[in-house]
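Below, chains carry the letters A, B, ... as their sequence lines are ordered, and counting in each starts from 1. Keep in mind it's a predicted model, so treat the numbers as computed, not measured.
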There are 2 protein chains.
Amino acid sequence: MTTEHQARKPATIYDVAARAGVSHQTVSRLLLGHDGIRPETRERIQVALAELDYRKNVMASNLRNGRTGMISLAIPSLNQPYFAELAQHVIVAARSIGLTVFVETTEGDPDREREIVSGSRASLVDGILYSPLALGSGDLETIDAGSPIVLLGDRILHSQFDHVTMPNAGGARAAVQHLIAQGRTRIAVIGAEHPSDYGAATLRMQGYHEAMRAAGLPTDARLQVVAGQWVRSDGVTATEQLIASGIPFDSIFCFNDALALGALRALQSAGISVPQDVAVVGFDDTEDASYSVPSLTSVTPHTEQLAELAVTLLDRRIKGMAETTPQDLVSDFDIKVRESSAVS
Amino acid sequence: MTTEHQARKPATIYDVAARAGVSHQTVSRLLLGHDGIRPETRERIQVALAELDYRKNVMASNLRNGRTGMISLAIPSLNQPYFAELAQHVIVAARSIGLTVFVETTEGDPDREREIVSGSRASLVDGILYSPLALGSGDLETIDAGSPIVLLGDRILHSQFDHVTMPNAGGARAAVQHLIAQGRTRIAVIGAEHPSDYGAATLRMQGYHEAMRAAGLPTDARLQVVAGQWVRSDGVTATEQLIASGIPFDSIFCFNDALALGALRALQSAGISVPQDVAVVGFDDTEDASYSVPSLTSVTPHTEQLAELAVTLLDRRIKGMAETTPQDLVSDFDIKVRESSAVS
DNA sequence: TGGTCCGATGTTATCGATAATATCGTAGAG
DNA sequence: CTCTACGATATTATCGATAACATCGGACCA
């Protein structure tokens, strides 16, 4: 009502230049912060910019520069709290160094995972943070992305790419040691042998074995349960399976929080009390863990730090300032002891 | 090892054209699926494309077309399960019609919310799905985005923009009716009067009052608790407050699941059993709700449908095929009755 | 007082894909 | 047998920003 509506077509630097009575190049120079512009000219241009409500056409700029300031984050799904939180941290870390993040969800579909790096969208971003679930290391070797890639998460194999991982084995070992310290001896595991060679499962399993062996405790293969996609419903199923088997256990180490929350749920439904009858420990320390009933003890892999390491490393690669050999970074971890495994 | 490594510089249609002995335009025509190319020529080009591992330069294409096939989704944070799930659904819905989604998190910061629509990144996307938290309707009126905007969520005021909302009042009414049907009469509310004129709070409160009035039940203002950002910790705080006040209540209707999960947590810590002593109902039906202990009764706003409505509407706007008057779409809803409010 | 250098700005080329227009050769019409 | 029309392909212009290079008018020095 107050002022008339602006026209639809956005103004270009040419429009601004015409209005200010200078050449487009002078406008560009000002916009880029280059010097060598007379104050008076500068003033006129700035007025024109404001009057025309100039906004840079990012596409044109991108084409010319060959850079977009965008990176992809490829994860299975935002429905999984761990990945949602990871994404959030990546977005924040990226923003702090001037990058924007494209969240690409693959739903664990190998085709889509492949497409992330080879599809045309890959040419749009300056780099990719990649958390492959379905693709094995074999597939990865043959990848030829146009832009730098940093692998996030859990591969075992060293490859041509940078890795930023959480302390899988160490965290698992600590988790199991914690259970042992609480007097638990029959420690079940949920999440063993993840489908595909998802490294996390293997490494966490390894940590479990190390801790058990160090304590002189036998491991019982029947207490090591596989669990589909590591989501809550898988935790329920696996736990029901454990209970139904009749094999005694006094605690469960779940390979992520979603599984653990499912386990809590299933134990409660079966009338088994936590932590009195069975202690439960998770991994990831997603926000849910603090608010479940009982609250969940969990290994916190410092996701924020992990995200920042990954983004920083990727940025260095993009700028071509990283070392030539693939880097392997590991975040810190802690154990957050909560009700689900506290001494009663 | 098997084949030599490709050069770094990606091939352009000019490179392909040169290799195939045709003009770049012919290559372009083939890539766009236009006809009028001799099979033999077509064949030669296809070989060249493959040999050079051609990938379209999306930036150039974008510049020329004036379209990017990308939309922004502006939400407060992926750390909030409701928004994470919403984002996931939006991403999937968008993908099904060929759009990619930029998830922009604002952390509820007004400046960042403003920047979403006015910043230069706005010119990069074809449209924006916008879920403003901090910005009031006043701010919104003055917005002049270059691209179409669809508001997601919970504004009351009708504005110049399209809205896609969940059935706030209806859902709340149904939730309260459900509690009443269970014999509850002293029904507390957590989430009242959200800071800023966040419409959801007002509308849900309205539904609450309607249901109470319809049942001839008095409402007690002291049982209506404000709760910061509607995250879990706010639910804990608000519930503790309620308990400490000493005012009797037999149920809590929380304005979202996060608050409800916090409430469950706080009730449990205080030794109050759910649903025997106090029934709890949430709103959003995030995945957590099914897995909490006890599982949480919640209003499910059919987020998937909501996401699809929003994406479809935005797409129609982008293509200029929507009606000229702002649309107001509302998704369906259901109540998922679970343990937290089941008759004992 | 003429020449050189430099500050301030203008011109032109470029990024890669795509649309609009032009060209060439030949098959069918008159 | 020449002219037209059309299929197949090539040339040129365009999107908007930016880099490289060009120009123009003094100021300063010899």
Side-chain angles (χ1 to χ4, degrees), chain A residues 7-46 48-49 52-70 120-126 146-147, chain B residues 7-46 48-49 52-70 120-126 146-147:
Chain A
R8 289 297 83 199
K9 263 272 156 50
T12 72
I13 51 172
Y14 290 89
D15 302 327
V16 173
R19 177 147 194 145
V22 298
S23 88
H24 71 276
Q25 173 59 5
T26 307
V27 177
S28 173
R29 217 179 267 120
L30 181 144
L31 289 172
L32 293 175
H34 295 171
D35 49 350
I37 304 181
R38 215 178 318 170
E40 171 203 315
T41 313
R42 178 183 302 269
E43 177 59 27
R44 251 185 312 145
I45 297 177
Q46 244 139 10
L49 284 169
L52 296 176
D53 188 26
Y54 171 80
R55 327 245 178 120
K56 163 160 50 176
N57 181 320
V58 188
M59 300 179 255
S61 182
N62 285 347
L63 172 58
R64 182 65 234 232
N65 294 329
R67 282 270 185 82
T68 61
M70 319 199 293
S120 66
R121 191 108 50 240
S123 76
L124 191 65
V125 297
D126 298 338
S147 31
Chain B
R8 287 301 83 198
K9 264 267 157 51
T12 73
I13 53 171
Y14 290 89
D15 302 328
V16 174
R19 177 144 194 149
V22 297
S23 87
H24 71 277
Q25 174 57 7
T26 307
V27 177
S28 173
R29 211 181 276 115
L30 182 143
L31 290 172
L32 293 176
H34 296 170
D35 50 351
I37 304 181
R38 218 178 316 172
E40 171 202 316
T41 313
R42 178 183 301 270
E43 177 59 29
R44 251 186 311 146
I45 297 176
Q46 244 140 10
L49 284 169
L52 295 177
D53 188 27
Y54 171 79
R55 325 241 180 122
K56 171 175 18 190
N57 181 320
V58 188
M59 298 180 258
S61 184
N62 285 347
L63 173 58
R64 181 64 233 228
N65 295 327
R67 283 272 184 79
T68 60
M70 319 197 292
S120 67
R121 191 109 48 234
S123 75
L124 191 64
V125 297
D126 298 337
S147 31

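Looking at the side chain of B:S23, the nearest of the listed nucleotides C:dA17, D:dT11, D:dT18 is D:dT11. Of the listed nucleotides (D:dA17, C:dT18, C:dT9), C:dT9 has the atom at the smallest distance from the side chain of A:T41. Taking only side-chain atoms of B:R29, from C-beta outward, the nucleotide of D:dT18, C:dG10, D:dA10 with the closest atom is D:dA10.
The separation between A:N65 atom CG and D:dA19 atom C1' is 10 Å, rounded to whole Å. Summarising the geometry, the separation between CG on A:L63 and P on C:dT18 is reported as 12 Å, rounded to the nearest angstrom. Here D:dG16 presents its P atom at 10 Å from OH of A:Y54, a figure rounded to the nearest Å. The distance between atom CD1 of A:I37 and atom P of C:dG7, rounded to the nearest whole Å, is 14 Å.
Proximity of A:L124 to B:N62: side-chain heavy atoms (C-beta onward) are separated by under 4.5 Å at one or more points. Within the 4.5 Å cutoff, side-chain heavy atoms of B:R44 are placed close to those of B:V22. Counting only heavy atoms from C-beta outward, the side chains of A:R29 and A:I37 approach each other to under 4.5 Å.
Where A:D35 and B:Q25 each meet DNA chain C at their nearest nucleotide, the meeting point lying more 5' is that of A:D35.
For C:dG16, the base has no donor-acceptor partner in the side chain of A:R64 [N/O atoms by modelled type, under 3.5 angstrom]. Taking 3.5 Å as the limit, the base of D:dT9 and the side chain of B:H24 contain no donor-acceptor pair of atoms between them.
With A:T26 contributing its side chain and A:A17 its backbone, the two residues share no donor-acceptor pair below 3.5 Å.
Remark: A:R38 is not in phosphate contact with C:dG7, judged by side-chain N or O atoms under 4.0 Å from OP1 or OP2. The side chain of A:T26 contributes no N or O atom lying less than 4.0 Å from OP1 or OP2 of C:dA8. Within the 4.0 Å cut-off from OP1 or OP2 of C:dT18, at least one side-chain nitrogen or oxygen of B:S61 is found.
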